[in-house]
Every structure is written in structure tokens, then in C-alpha cells.
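Because only heavy atoms are used, hydrogens play no part in the values below, and waters and symmetry mates are left out as well, while side chains stay in. Nothing here was measured: the structure is a model prediction, and the numbers come from that model.
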Amino acid sequence: MSRTESRMADRPPLPRLSVLVLAAVAVVATIVIGPRIAPGAAQGRGVLVFAAASLKNALDDVAGQYERETGRKVSVSYGASSALARQIEAGAPADLFISADLDWMDYLQSRKLIKRETRTSLLGNRLVLVAPKTSPAAITIGPGFPLAELLGDGRLAMADPRAVPAGKYGRAALESLGAWPAVERRLAQVENVRAALALVSRGEAPLGIVYQTDAAADPNVRIVGMFPENTHPPIVYPVSLTTDSSNATAPGFLTYLRSPATRPLWEKQGFTVLR
């Protein structure tokens with residue numbers, strides 16, 4: 001029995017809806033990423049990175065600098081860490097995975113889908129509350145702060161709190177502060193943190209929970225409150241090579257991500273470099 005067949009045999013039967021959802025993900029992955037590349041062909045292609053959506057601005061800069069310095073191509077597929085991890089599990093041909101939390105890297109590690117010896121914690125971030133740049137709001141975030149009242153008739157934009165890291169961090173913070181029960185039915189819940197940022201940026205939501213680096217990337221929002229770091233698990237971005245990658249240039253790009261040459265690019269976007 002192959003490794004894939006063994007993994008599938010260990011799983012309970014999926015409900016019909018889950019089967020349909022996974023099928024849809026596979027179709028999207030084929031359209032966006034392209035068909036799976038045979039191991040022999042991997043030697044001649046660029047590095048393919050699956051990365052959390054919140055990394056886009058900084059990682060685009062890092063990849064661009066790497067390409068200029070080495071002449072080697074890097075392609076990045078951005079999305080929610082949860083969706084990307086499941087695509088890797090389904091066989092998508094990523095060489096590296098950068099998650100916005102430890103949980104989804106742990107998920108792949110427990111299934112032996114990453115090269116554990118290459119795993120490292122790369123970056124840190126902060127969680128913030130944002131409003132449209134024209135908003136006069138100034139909010140002190142603390143126990144019992146009146147978030148529901150501050151929303152007025154609007155909704156709180158945030159990534160899916162059940163699965164997406166930014167949403168999970170946000171829910172943990174609001175639960176810690178006692179604000180979750182009043183807002184859990186007033187969410188504008190979206191597929192990733194950049195989608196939540198977009199709702200606030202366009203004025204479609206009065207407030208949103210995003211990372212500090214997302215707020216810095218959009219001139220149409222402003223930070224109106226910073227969540228205390230002790231209200232949620234530490235925000236850590238782990239990176240690892242995938243088990244199925246046979247791309248000879250991928251280890252070099254992983255090393256580059258952690259090199260002194262990239263520190264200014266990460267810090268420019270507001271990330272904390274964890275090394």
C-alpha cells in the first residue's frame with residue numbers, strides 16, 4: 001500500500017459535503033497552481049512556496065531580491081494556512097510551506113508531509129484592531145472593552161475563527177477579554193486575513209482584526225487598538241520543506257529566508273525575525 005493510500009485508509013469516511021468541498025479545493029489548486037510536477041521535472045523548475053496570505057508584501061520583496069541575486073525563479077501561492085496545508089495533504093506540489101501558526105505546520109508534520117529536520121520558526125507578528133482611515137475611533141483594548149457597542153450596526157471583519165490562524169488568534173483574544181459572546185454572531189467572516197483587511201479598507205466593515213503587518217500594508221486602514229500579547233497564543237510563522245519536494249534549489253531558498261540579507265525586508269513590513 002502506498003503512503004497516500006495508507007493515509008486515506010486511516011481516515012473516517014467523509015460526509016458528502018466534505019467530499020464536495022475537497023473536490024472543489026482540488027479543482028482550484030489545479031487551476032491556480034497547475035498540475036502536479038513529476039519529481040524529475042522538479043529539478044528544472046523554480047521553487048514553489050505555499051505561504052500565509054499575511055506574508056504577501058514582505059515575501060514578494062524577499063523572493064524578488066533572491067531572484068535578482070541568484071537568477072533563480074520563485075513562485076508563491078498565498079492563502080489561508082489551513083487551506084494551503086490541506087492542499088499539500090491532497091498532493092499539491094509545494095516545495096516549502098510557511099504557516100501563520102504552529103498548528104497547521106504540526107498538522108502536516110503529524111502526517112509526515114514536511115521534512116521535520118528543516119522546520120524552524122521564522123517570524124513573529126502582532127494582532128491589532130483596525131478601522132477605515134477616516135474613522136475617528138480610538139480604542140483601549142482591555143478586559144470588558146465594549147467591542148459590540150463600538151461596531152454600531154456593523155460587523156466585525158475577521159478570518160474564519162475555526163481554522164484560519166488570524167481568526168483563531170482573534171477569537172482567543174476576545175475570549176480572554178470577555179468580548180467574544182457579544183460579537184460571535186456579528187462577524188463578517190472571511191477566508192483569510194487579507195480578505196478581512198479588504199472589508200475594512202473598502203468601508204464595508206467598521207472594525208476588523210488583522211495582523212499589524214497587514215495594517216501597515218494598506219493605506220486605507222489605521223490601527224485603532226493593539227491586542228495585549230498575553231490574550232492569545234504567540235503569533236509564530238514556522239517554515240519547512242515539504243516531504244515530497246525534490247527540487248534541488250529549495251533548500252537554498254529556505255536558507256536564504258533565514259539569512260541576514262532578508263532581515264531588513266521582513267522588519268520593513270513589521271515582522272519580528274525569530275533567530
Looking at [atom1] of [X] and [atom2] of [Y], how far apart are the two atoms once the value is rounded to the nearest 0.5 Å?
X: Asp61; Y: Leu55; atom1: CG; atom2: CG; result: 11.5 Å
X: Leu151; Y: Arg186; atom1: CG; atom2: CZ; result: 5.0 Å
X: Tyr66; Y: Lys73; atom1: OH; atom2: NZ; result: 12.5 Å
X: Phe50; Y: Asp95; atom1: CZ; atom2: CG; result: 9.5 Å
X: Leu274; Y: Ile235; atom1: CG; atom2: CD1; result: 11.0 Å
X: Leu129; Y: Met226; atom1: CG; atom2: CE; result: 11.0 Å

Looking at every heavy atom in both [X] and [Y], which two are closest together, and how far apart are they?
X: Met105; Y: Phe97; value: CE-O, 3.3 Å
X: Leu48; Y: Pro93; value: CD2-O, 3.4 Å
X: Val236; Y: Ser121; value: CG1-OG, 3.5 Å
X: Ser54; Y: Val193; value: CB-CG1, 3.8 Å
X: Pro219; Y: Lys133; value: O-CD, 3.4 Å
X: Ala137; Y: Arg222; value: O-NH2, 2.5 Å

Inset, instruction - Under the side-chain contact (heavy atoms from CB on, under 4.5 Å) rule, what do Tyr256 and Thr70 come out as? Steps first, then yes or no, please. - result: CA-CA 11 Å; Tyr256 188 78; Thr70 67; 5.9 Å; no
Hey, is the main chain of [Y] close enough, under 3.5 Å, to the side chain of [X] for a donor-acceptor pair?
X: Thr243; Y: Lys112; result: yes
X: Thr262; Y: Val62; result: no
X: Thr231; Y: Ala173; result: no
X: Gln65; Y: Ala261; result: yes
X: Ser99; Y: Asp101; result: yes

Does the side chain of [X] pick up a donor-acceptor pair with the side chain of [Y] at under 3.5 Å?
X: Asn247; Y: Thr249; value: yes
X: Asp218; Y: Ser201; value: yes
X: Tyr237; Y: Asn125; value: yes
X: Tyr78; Y: Asp60; value: yes

Consider only side-chain heavy atoms of I, L, V, M, F, W and Y, link residues closer than 4.5 Å, and tell whether [X] and [Y] are in one cluster.
X: Ile141; Y: Met158; result: yes
X: Val224; Y: Tyr169; result: yes
X: Leu123; Y: Trp104; result: no
X: Leu187; Y: Tyr211; result: yes
X: Val49; Y: Leu241; result: yes

Is the shortest side-chain heavy-atom distance between [X] and [Y] below 4.5 Å?
X: Pro161; Y: Trp180; answer: yes
X: Glu267; Y: Val273; answer: yes
X: Ser77; Y: Leu84; answer: yes
X: Phe271; Y: Leu122; answer: no
X: Leu147; Y: Ile139; answer: no
X: Asn57; Y: Thr213; answer: no
X: Val200; Y: Pro132; answer: yes
X: Gln189; Y: Arg162; answer: yes

Inset, instruction - Only counting residues at least two apart or in another chain, list the ones meeting salt bridge (charged side-chain N to carboxylate O under 4.0 Å, His left out) with Arg119. - result: Asp106
Inspect the contact between [Y] and [X] and indicate whether a charged nitrogen and a carboxylate oxygen are less than 4.0 angstrom apart.
X: Lys168; Y: Asp160; result: no
X: Lys115; Y: Glu117; result: no
X: Glu89; Y: Arg111; result: yes

Inset, instruction - Just do the side-chain contact (heavy atoms from CB on, under 4.5 Å) check on Val74 and Glu67 with the steps written out, would you? - result: CA-CA 7 Å; Val74 176; Glu67 290 178 345; 3.9 Å; yes
Legend entry - Atom CZ of Arg116 with >12 non-hydrogen neighbours under 6.0 angstrom: no
Legend entry - Heavy atoms of other groups near Glu149 CD, more than 12 under 6.0 Å: no
Inset, instruction - Kindly indicate, with the supporting measurements, whether the criterion side-chain contact (heavy atoms from CB on, under 4.5 Å) is fulfilled by Thr242 and Leu113. - result: CA-CA 6 Å; Thr242 63; Leu113 294 173; over 6 Å; no
Inset, instruction - For side-chain contact (heavy atoms from CB on, under 4.5 Å), just list the numbers for Arg194 and Asp214, CA-CA rounded to whole Å, side-chain angles, deciding distance to a tenth of an Å, and then say yes or no. - result: CA-CA 7 Å; Arg194 285 300 176 100; Asp214 296 306; 2.5 Å; yes
